[in-house]
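Taking it in order: structure first as structure tokens, then the write-up.
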Amino acid sequence: MKRLFERCGQNPIITPDHLPFEAAGVLNPGATEQNGYVVLLLRVEDRAGSSDIYVARSKDGIDNWEIEPEPLLRHGIPLWRYETWGCEDARVTYLEAERRWYITYTAYSTSGAAVAIARTDDLAKAERIGLIFSPNNKDAVLFPQRFDGRWAVLHRPDAGGIESIWSAYSPDLVHWGQPHCVLTEGGGAAWDAMKVGAGPPPILTRLGWLLVYHGVKAYGGQLVYRAGLALLKKDEPHKMIARSLDWVFQAVEPYEISGLTPNVVFPTGLLLRGDELWMYYGAADTCVCLARAKLEDALALFG
């Protein structure tokens, strides 16, 4: 049976062996394009257990990655005490109105996991803005445009064990409010019963904003991460139009089933290249992979 997303034959495209230093894992990359290159913002977990964000560049987005030896966002800087344990799971969005990229990421410390934001003009140096959501909160993604003069973000607060996707709006990318619950846990026996979270930043299509999200279900006490799709309203992205009834991507390959965290596919980067969706994801919290799908095939799931 033909799958919606077909894996790249060179998977995994980045492993710890590709890095110019030793690391325990490389995972969950944000993705963008710059000057003819595909640019990934890699989460790299060091052997001590903390994470930093590194930049990787490739002409074809598949191989010959040029990986910077120093991180774009490094944990443990005294001024940024909410990043004591790590900078994790970056998503990156280019804001045309600002003429720069904004990076949302998880700041991890003794206070828990919080959402932080930074900006960069060149993907070589980043300026931190600070936290935009307090713990416990993860999986924040920015929309690339304003809505009635406001920026919009999706995020995943932990509401006492209920982990659904929420939205917020901001006039200035610093102060956020007007919360709405956008996409709830599946509940019951659903493939996304335990929790859901936004994957890459949404992409605008003829039907609305296409969102790749991850869903989690427990089997025999083990968590299994899969990916699904949802559509959000074009002018009111806090309103969901539809969601896929089942998952569209799950761990099946050895590099996805076995690793630091087995049975995990975790998409965090999505590019629309021609008529194809290029989805970059972390596999088993150990390596970085790529899968591709036709945009119209994805939209066909919604009729």
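This structure is a prediction, so every number in the text was calculated from the model and none was measured.
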Query raised in the report: Taking side chain as C-beta onward, heavy atoms only, is Val216 less than 4.5 Å from Val196?
Result: no
Requested in this report: To the nearest 0.5 Å, tell me how far Asn137 CG sits from Leu131 CG.
Outcome: 10.0 Å
**Report entry** Intermediate values then yes/no, side chain to side chain contact (heavy atoms under 4.5 Å, CB included), Thr110 and Thr84
**Finding:** CA-CA 7 Å; Thr110 55; Thr84 303; 5.6 Å; no
Query raised in the report: What do you reckon, is CD of Glu22 surrounded by more than 12 foreign heavy atoms closer than 6.0 Å?
Result: no
Query - Asp192 side-chain N/O to Lys195 backbone N/O, donor-acceptor pair under 3.5 Å - result: no
Query raised in the report: Is there a donor-acceptor pair under 3.5 Å between the side chain of Thr205 and the backbone N or O of Gly208?
Result: yes
Query raised in the report: Going by heavy atoms in the side chains, are Leu229 and Leu301 under 4.5 Å from each other?
Result: yes
Query raised in the report: Salt bridge or not for Glu66 and Lys59, using N-O below 4.0 Å?
Result: no
Query raised in the report: Relative to each other, are the rings of Tyr169 and His180 parallel, tilted or perpendicular (30° and 60° limits)?
Result: perpendicular
Query raised in the report: Going by atom types alone, do Tyr94 and Glu33 pair a side-chain donor with an acceptor below 3.5 Å?
Result: no
Query raised in the report: Is Glu68 salt-bridged to Arg57, cutoff N-O under 4.0 Å?
Result: yes
Query raised in the report: With a 4.5 Å heavy-atom cut-off, do Thr93 and Pro201 have their side chains touching?
Result: yes
Requested in this report: Kindly give the heavy-atom pair with the smallest separation between Glu185 and Arg243, and that separation in Å.
Outcome: C-NH2, 4.4 Å
Query - Leu183 CG to Ser167 OG distance, which is reported to the nearest 0.5 Å - result: 11.5 Å
Query raised in the report: Side-chain contact, heavy-atom cut-off 4.5 Å: Thr106 with Val115?
Result: no
Query raised in the report: Can you check whether Val39's main-chain N or O pairs, donor with acceptor, with Gln34's side chain at less than 3.5 Å?
Result: no
Report task. Would you indicate whether the side-chain heavy atoms of His238 and Trp166 approach each other to under 4.5 Å? Result -> no
Report task. For Lys138 and Tyr108, test the side chains for any donor-to-acceptor distance below 3.5 angstrom and give the result as yes or no. Result -> no
Report summary line: So CG of Leu223 and CE of Met194: to nearest 0.5 Å the spacing works out to 5.0 Å
Query raised in the report: Minimum heavy-atom separation for Ser164 to Arg156, with atom names?
Result: O-CG, 3.4 Å
Query raised in the report: Are any of the side-chain heavy atoms of Cys8 and Arg292 separated by less than 4.5 Å?
Result: yes
Query raised in the report: If you look at every heavy atom in Pro29 and Val288, which pair is closest and at what distance?
Result: CG-CG1, 3.7 Å
Query raised in the report: Run the salt bridge (Lys or Arg N to Asp or Glu O under 4.0 Å) check on Glu296 and Arg206 step by step: do they pass?
Result: CA-CA 10 Å; Glu296 287 303 316; Arg206 59 181 177 81; 2.7 Å; yes
Query - Pi-cation contact, Tyr102 with Arg119 (under 6.0 Å, within 45°) - result: no
Query raised in the report: Taking atom NZ of Lys125 and atom CG of Leu72, what is their separation to the nearest 0.5 Å?
Result: 11.0 Å
Query - Smallest separation among heavy atoms of Ile14 and Ile67, with atom names - result: CG2-CD1, 4.2 Å
**Report entry** Glu70-Tyr54 side chain donor-acceptor pair, cut-off 3.5 Å
**Finding:** no
Query raised in the report: Checking Lys239 side chain against Leu232 main chain: does a donor-acceptor pair fall under 3.5 Å?
Result: no
Report summary line: Heavy-atom nearest pair, Pro16 first then Thr286, reads CD-O, 3.5 Å
Query - From CA spacing to verdict: side chain to side chain contact (heavy atoms under 4.5 Å, CB included), Thr120, Ile103 - result: CA-CA 8 Å; Thr120 174; Ile103 304 164; 4.1 Å; yes
Report task. Please check if Ile241 and Val182 belong to a single hydrophobic cluster, counting links between Ile, Leu, Val, Met, Phe, Trp and Tyr side chain heavy atoms closer than 4.5 Å. Result -> no
Query raised in the report: Hey, any chance Val264 and Tyr255 share a hydrophobic cluster, counting ILVMFWY side chains that come within less than 4.5 Å of each other, even indirectly?
Result: no
Query raised in the report: Is the backbone N or O of Ala23 less than 3.5 Å from a side-chain atom of Asp46, with the two atoms forming a donor-acceptor pair by type?
Result: no
Requested in this report: Identify the two heavy atoms, one from Ile165 and one from Gly197, that lie closest to each other, and give their separation to 0.1 Å.
Outcome: CD1-C, 3.6 Å
Query raised in the report: Is the side chain of Glu256 donor-acceptor paired with the backbone N or O of Glu253 at a distance under 3.5 Å, no angle test?
Result: yes
Query raised in the report: In terms of hydrophobic clusters joined by side-chain contacts under 4.5 Å, are Tyr105 and Val92 together?
Result: yes
Report task. May I have the step-by-step check of side chain to side chain contact (heavy atoms under 4.5 Å, CB included) for Leu231 and Leu211, ending in yes or no? Result -> CA-CA 6 Å; Leu231 274 179; Leu211 173 68; over 6 Å; no
Query - Asn11 side chain to Leu290 backbone, donor-acceptor under 3.5 Å - result: yes
Requested in this report: Tell me whether the centres of the aromatic rings in Phe143 and Trp209 are closer together than 6.0 Å.
Outcome: yes
Report task. Measure the OH-SG distance between Tyr280 and Cys289 for me, rounded to the nearest 0.5 Å. Result -> 11.5 Å
Requested in this report: Answer with yes or no whether the hydrophobic clustering places Phe249 together with Leu295; edges join I, L, V, M, F, W, Y residues whose side-chain heavy atoms lie under 4.5 Å apart.
Outcome: yes
Query raised in the report: Does the side chain of Leu73 reach to within under 4.5 Å of the side chain of Arg128, using non-hydrogen atoms?
Result: yes
**Report entry** Side-chain donor or acceptor of Ser50 paired with backbone N/O of Trp85 under 3.5 Å
**Finding:** yes
Report task. Say whether Tyr281 and Asn28, considering side chains only, have a donor N or O and an acceptor N or O under 3.5 Å apart. Result -> no
Requested in this report: May I have the step-by-step check of side chain to side chain contact (heavy atoms under 4.5 Å, CB included) for Thr32 and Leu123, ending in yes or no?
Outcome: CA-CA 10 Å; Thr32 188; Leu123 297 170; 3.8 Å; yes
Query raised in the report: With a 4.5 Å limit on heavy-atom distance, are the side chains of Asp139 and His214 in contact?
Result: yes
Query raised in the report: Counting heavy atoms not belonging to Arg47, are there more than 12 under 6.0 Å from its CZ?
Result: no
Query raised in the report: Any luck finding a side-chain donor-acceptor pair between Arg43 and Ser51 under 3.5 Å?
Result: yes
Report task. Would you confirm whether Asp172, through its side chain, and His175, through its main-chain N or O, come within 3.5 Å as a donor-acceptor pair? Result -> yes
Query raised in the report: Aromatic ring centroids of Trp191 and Tyr213 under 6.0 Å?
Result: yes
Query raised in the report: Can a salt bridge be assigned to the pair Lys294 and Asp275 using a cut-off of 4.0 Å between side-chain N and carboxylate O?
Result: yes
**Report entry** Arg100 CZ: over 12 foreign heavy atoms closer than 6.0 Å
**Finding:** yes
Query raised in the report: Can you hop from Ile132 to Leu142 via hydrophobic side chains spaced under 4.5 Å?
Result: yes
Report summary line: dist Leu260:CG -> Cys287:SG (nearest 0.5 Å) comes out at 9.5 Å
Query raised in the report: Would you say the side-chain atoms of Glu6 pair up with the backbone N or O of Arg3, donor to acceptor, closer than 3.5 Å?
Result: yes
Query raised in the report: Does a donor on one side chain sit under 3.5 Å from an acceptor on the other, for Trp278 and Glu276?
Result: yes
